[in-house]
Amino acid sequence: MKLRFVGLAAVSAIALGCVALAQNVPEQFVVNGKAAEKIQDFTTINLATAERIADSCEKAAATEGVQISVMVLDNDGNHVYMDRMDGQGYLNIVTADMKARTALVDRAPSKLRMNRVIEDPTQELQQMQLGLFANSGGLPIVVNKQLIGAVGVGGSAPHPPAWSDEICAHKALVEVIGPSVPPLVQDLPARANPNPGNVPVPRFVAATPPSRACPRNS
C-alpha cells in the first residue's frame with residue numbers, strides 16, 4: 001500500500017481551489033455567509049431558490065389544470081422544500097421524493113433510468129434494490145457545472161410533448177436558473193405489453209383430478 005503525504009502548501013492550494021469553485025455559483029442560488037460557514041458548505045441550494053422552483057412548477061401545473069407534488073433536495077439529499085397541491089396524496093409525495101433522490105444520486109435526469117428499463121426490463125429489479133426510481137420527473141439542479149441539489153415532481157399524468165412531471169420541473173429550472181439548464185433527454189416509447197389481452201393465458205390442468213373424498217382411518 002502506498003501513502004501520499006500532502007504538504008501544507010498543497011493543502012492550502014486545494015482549499016483555495018475549492019473556495020474558488022464555490023464562488024463560481026452565484027450567491028442568490030446557494031447558502032452563503034455565516035449560514036454556509038456553519039454547515040461548511042458553500043455549494044448547497046438555499047431555501048429561496050428551492051421555493052422559487054416549486055412555486056414556478058406549481059404555477060405551470062395550475063395553468064395546465066393538474067395537481068402536482070414537488071420535492072427539492074440539497075446536494076446532500078436533505079429536504080429543503082416540499083410543495084403539495086390540494087388533492088395530492090401519499091404516493092404523489094413519495095414518488096416526487098424518489099425521483100429527486102434518483103436524479104441526485106445519478107447527477108442526471110431520472111428518465112435515463114426509466115429509458116434503461118424500457119430497453120431492458122430485467123434491470124428494473126436491480127434498480128429498485130439500489131433505491132433508484134425508474135421514472136421521469138427528477139432533475140439535478142446544476143449551476144455553473146456545480147450540483148447544488150435536485151428536484152422531483154410527481155402526481156400528474158404525462159401528455160408529452162406538452163406536459164409531464166419532468167416538463168414541469170424543467171420549465172421551473174429554466175425560469176429560475178436560466179437558459180444554461182440542459183434540454184430534456186429523449187423519450188422512448190413504452191415497451192409493449194408482454195401479454196396483450198387477446199392472447200389466451202395457458203392454464204394448468206391436472207392429468208388425474210384429485211379425489212374429493214378424504215381417506216378414512218381404518
Side-chain angles (χ1 to χ4, degrees), residues 17-61 67-85 88 91-115 127 130-156 164-185:
C18 293
V19 172
L21 178 62
Q23 291 175 343
N24 287 334
V25 182
E27 289 189 352
Q28 70 264 30
F29 298 128
V30 293
V31 178
N32 55 72
K34 294 295 183 181
E37 292 177 7
K38 186 176 181 179
I39 61 174
Q40 300 179 349
D41 190 348
F42 289 79
T43 62
T44 187
I45 188 170
N46 58 28
L47 177 60
T49 301
E51 186 174 4
R52 287 180 61 199
I53 291 171
D55 287 348
S56 176
C57 201
E58 182 179 332
K59 290 177 182 177
Q67 291 76 42
I68 57 166
S69 294
V70 184
M71 189 70 71
V72 181
L73 308 176
D74 67 13
N75 53 3
D76 288 324
N78 301 308
H79 294 108
V80 180
Y81 196 84
M82 192 274 282
D83 187 336
R84 182 189 71 175
M85 297 178 70
Q88 290 284 282
L91 288 178
N92 307 127
I93 300 167
V94 170
T95 53
D97 182 76
M98 293 169 65
K99 293 175 183 181
R101 293 192 180 279
T102 301
L104 183 67
V105 169
D106 280 345
R107 269 59 174 173
S110 61
K111 184 164 68 179
L112 290 177
R113 290 283 172 179
M114 183 181 75
N115 286 348
Q127 295 195 28
L130 293 172
L132 301 171
F133 189 42
N135 208 325
S136 64
L139 295 174
I141 305 173
V142 179
V143 181
N144 290 351
K145 299 183 179 181
Q146 173 67 50
L147 180 79
I148 65 173
V151 58
V153 179
S156 67
S164 69
D165 291 336
E166 184 188 49
I167 291 173
C168 180
H170 187 262
K171 286 183 176 179
L173 289 182
V174 171
E175 181 176 332
V176 175
I177 304 299
S180 62
V181 176
L184 295 177
V185 298

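Computed from a predicted structure; not experimentally measured. Computation of the quantities below employed the complete heavy-atom set of this structure, encompassing side-chain atoms and omitting hydrogens, waters and symmetry-equivalent molecules.
Formation of a donor-acceptor pair under 3.5 Å by the Asn75 side chain with backbone atoms of Gly149 is not found in this model. Between the Thr44 side chain and the Asp41 main chain, no donor and acceptor come within less than 3.5 Å of each other. Side-chain N or O atoms of Thr102 include one that pairs as donor or acceptor with a backbone N or O of Phe133 at under 3.5 Å. Under the 3.5 Å distance criterion, the side-chain polar atoms of Asn144 are matched with a main-chain donor or acceptor of Asn24. Asp74 places a side-chain N or O within donor-acceptor distance of the main-chain N or O of Asp76, the cut-off being under 3.5 Å.
Every side-chain hydrogen bond (donor to acceptor under 3.5 Å, both in side chains) that Gln88 has, sequence neighbours left out, goes to Ser69. Take Asp83 and apply the salt bridge (Lys or Arg N to Asp or Glu O under 4.0 Å) test, not counting sequence neighbours, and it matches no residue. With sequence neighbours left out, Asn46 forms a side-chain hydrogen bond (donor to acceptor under 3.5 Å, both in side chains) with Thr49. Scanning for side-chain hydrogen bond (donor to acceptor under 3.5 Å, both in side chains) contacts around Glu175 gives Ser56, with sequence neighbours left out. Evaluation of the side-chain hydrogen bond (donor to acceptor under 3.5 Å, both in side chains) rule for Asn115 yields no partner, not counting sequence neighbours.
Sorted by first and then second residue, the pairs that involve residues 96-112 and meet salt bridge (charged side-chain N to carboxylate O under 4.0 Å, His left out), not counting sequence neighbours, are Asp97-Arg101, Lys99-Asp165, Asp106-Arg113, Lys111-Glu166, Lys111-Asp187.
Taking 4.5 Å as the limit, some side-chain heavy atom of Val185 sits within range of a side-chain heavy atom of Leu112.
Taking CZ of Arg52 as the reference point, atom CD1 of Ile45 lies at 10.0 Å (rounded to 0.5 Å).
In terms of heavy-atom proximity, Asn135 sits nearest to Ser110 at O-OG, 2.6 Å.
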